[in-house]
2 protein chains.
Amino acid sequence: MDITREELQSRMERFEEALRSSGIKLTHQRIEIFREVAKTGDHPDAEKIYKRVKKRIPTISLDTVYRTLWMLNDMGLITTLGLQRGRVRFDANVSPHHHFVCARCGRVGDFYSQDFDDLEVPEAVRSMGDVATIHVQFRGLCSRCSENNRRK
Amino acid sequence: MDITREELQSRMERFEEALRSSGIKLTHQRIEIFREVAKTGDHPDAEKIYKRVKKRIPTISLDTVYRTLWMLNDMGLITTLGLQRGRVRFDANVSPHHHFVCARCGRVGDFYSQDFDDLEVPEAVRSMGDVATIHVQFRGLCSRCSENNRRK
DNA sequence: TTTAATGCAAAAGATTTGCAACATG
DNA sequence: CATGTTGCAAATCTTTTGCATTAAA
């Protein structure tokens, strides 16, 4: 589930502009780390991103990957999903979208729905704070896992 | 945000029955660990649960807490939320409900909504797998954090 | 009594930090 | 050139595991 060339281009531009306007340096490693998260539709964890970037920057270190990912998260350029035991996964798709998560293997599928984006915020929630984003998550067995199930 | 005496009672009974019918032993520590998660409306992590149970069972060990929590999760008696960096939180409220999460401090508020429980599963999701649960999550600044903000 | 569960200590895994060397603006 | 950023190594924090001991059924 990869992203189009145009979408990637536009994410990269948004990223470079955001860093520049915050006075944060555009380093080689930051660019490659963001590109790696931005170009894929899967939701990699820090280790996976590290391995992929390492192919292009062999001297990069895992802690730089972490530092960069959390910085990008704090700037709102990527988001995190906490879906598996003790491991955070990152998502460069910051446009409103929703997820299907496989309860067995952790596989995540994105989907879009204007109806879900526009869901009304209940009164009970408004009293808790200012809502910025809404996110709907379905859980269940993905088709691959339920096939494996049947075969047993 | 604590639970009524009746609700706690009913959760405890469901728990004991579930273990008994699976042939899993009802140990002192399992009972106290479950009670601790069941009786609170906050969404504690393993460490917090450990500290609380330790007051009543001073010799309990952290690994027993972990083992028990994951077992309860696998049995569907509690669920997990992955909301903070590298730390899993547990929730004994398994009836359908939804969350407001503070983007800054991680505070979680529960709310109920029949409308959200009944949201229609889009075609795009049905093709990914069999949906078992739906969960809507709002993110934003909680009222406490936005007050602190204003004061600065 | 039998078998599963616990506690301990140690390991493993994930993430963070201090600091000297280095690259960007 | 000044300052922010990196890589390294070590530290820290969270979670898991092996094994002898203990307790539930």
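Chain A is the first sequence line, chain B the second, and so forth, proteins listed ahead of strands; every chain is numbered from 1. Quick caveat: nothing in here was measured; it's all calculated off a predicted structure.
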Indicate the ring-plane relationship of Trp70(A) and Phe90(A), choosing parallel, tilted or perpendicular according to the 30° and 60° boundaries. perpendicular
Checklist entry - Quick one: do the Asp63(B) and Ser61(B) side chains pair a donor with an acceptor below 3.5 Å? => result yes
Within residues 14-26 of chain A, the residues having a heavy atom closer than 4.0 Å to DNA chain C are Lys25(A), Leu26(A)
Do the side chain of Ser21(A) and the main chain of Ala18(A) share a donor and acceptor less than 3.5 angstrom apart? yes
Residues 5-31 of chain A vs ring pair (Phe, Tyr, Trp, His ring centres under 6.0 Å), sequence neighbours excluded, gives Phe15(A)-Phe34(A)
Here the residues of residues 29-36 of chain B within 4.0 Å heavy-atom distance, strictly under, of DNA chain C are Gln29(B), Arg30(B)
Interatomic distance, CG@Asp45(A) vs NZ@Lys51(A), rounded to 0.5 Å, equals 8.5 Å
OP1, OP2 of dT6(D) versus side-chain N and O of Thr27(A): anything below 4.0 Å? yes
Subject >> Audit row: Arg35(B), Arg56(B), side-chain contact (heavy atoms from CB on, under 4.5 Å) steps and yes/no >> reply: CA-CA 12 Å; Arg35(B) 189 201 310 286; Arg56(B) 275 171 286 145; 3.7 Å; yes
For residues 116-124 of chain A, dump all side-chain donor-acceptor pairs below 3.5 Å to protein atoms at least two apart in sequence or in another chain.
residue, atom, partner, partner atom, Å
Asp117(A), OD1, His98(A), NE2, 2.7
Asp118(A), OD1, Gln114(A), NE2, 3.3
Asp118(A), OD2, Gln114(A), NE2, 3.3
Glu123(A), OE1, Arg126(A), NH1, 3.3

**Aromatic plane relationship, His43(A) with His99(A) - under 30° parallel, 30 to 60° tilted, over 60° perpendicular** = perpendicular
Rounded to whole Å, CE of Met71(B) lies from P of dA4(C) at a distance of 15 Å
Here the gap from Ile57(A) atom CD1 to Ile31(A) atom CD1, rounded to the nearest 0.5 Å, amounts to 9.0 Å
With sequence neighbours left out, the residues meeting side chain to side chain contact (heavy atoms under 4.5 Å, CB included) with Glu7(A) are Ile3(A), Thr4(A), Ser10(A), Arg11(A), Arg14(A)
Atom NZ of Lys48(B) and atom P of dC13(D) are separated, to the nearest Å, by 16 Å
Checking side-chain polar atoms at under 3.5 Å, does Thr40(A) have a donor or acceptor matched by the opposite partner on Asp42(A)? yes
Rounded to whole Å, CH2 of Trp70(B) lies from P of dT17(D) at a distance of 12 Å
Atom OH of Tyr50(B) and atom C1' of dT6(C) are separated, to the nearest Å, by 13 Å
Contact check, residues 55-67 of chain A vs DNA chain C, heavy-atom distance under 4.0 Å, returns Leu62(A), Asp63(A), Tyr66(A), Arg67(A)
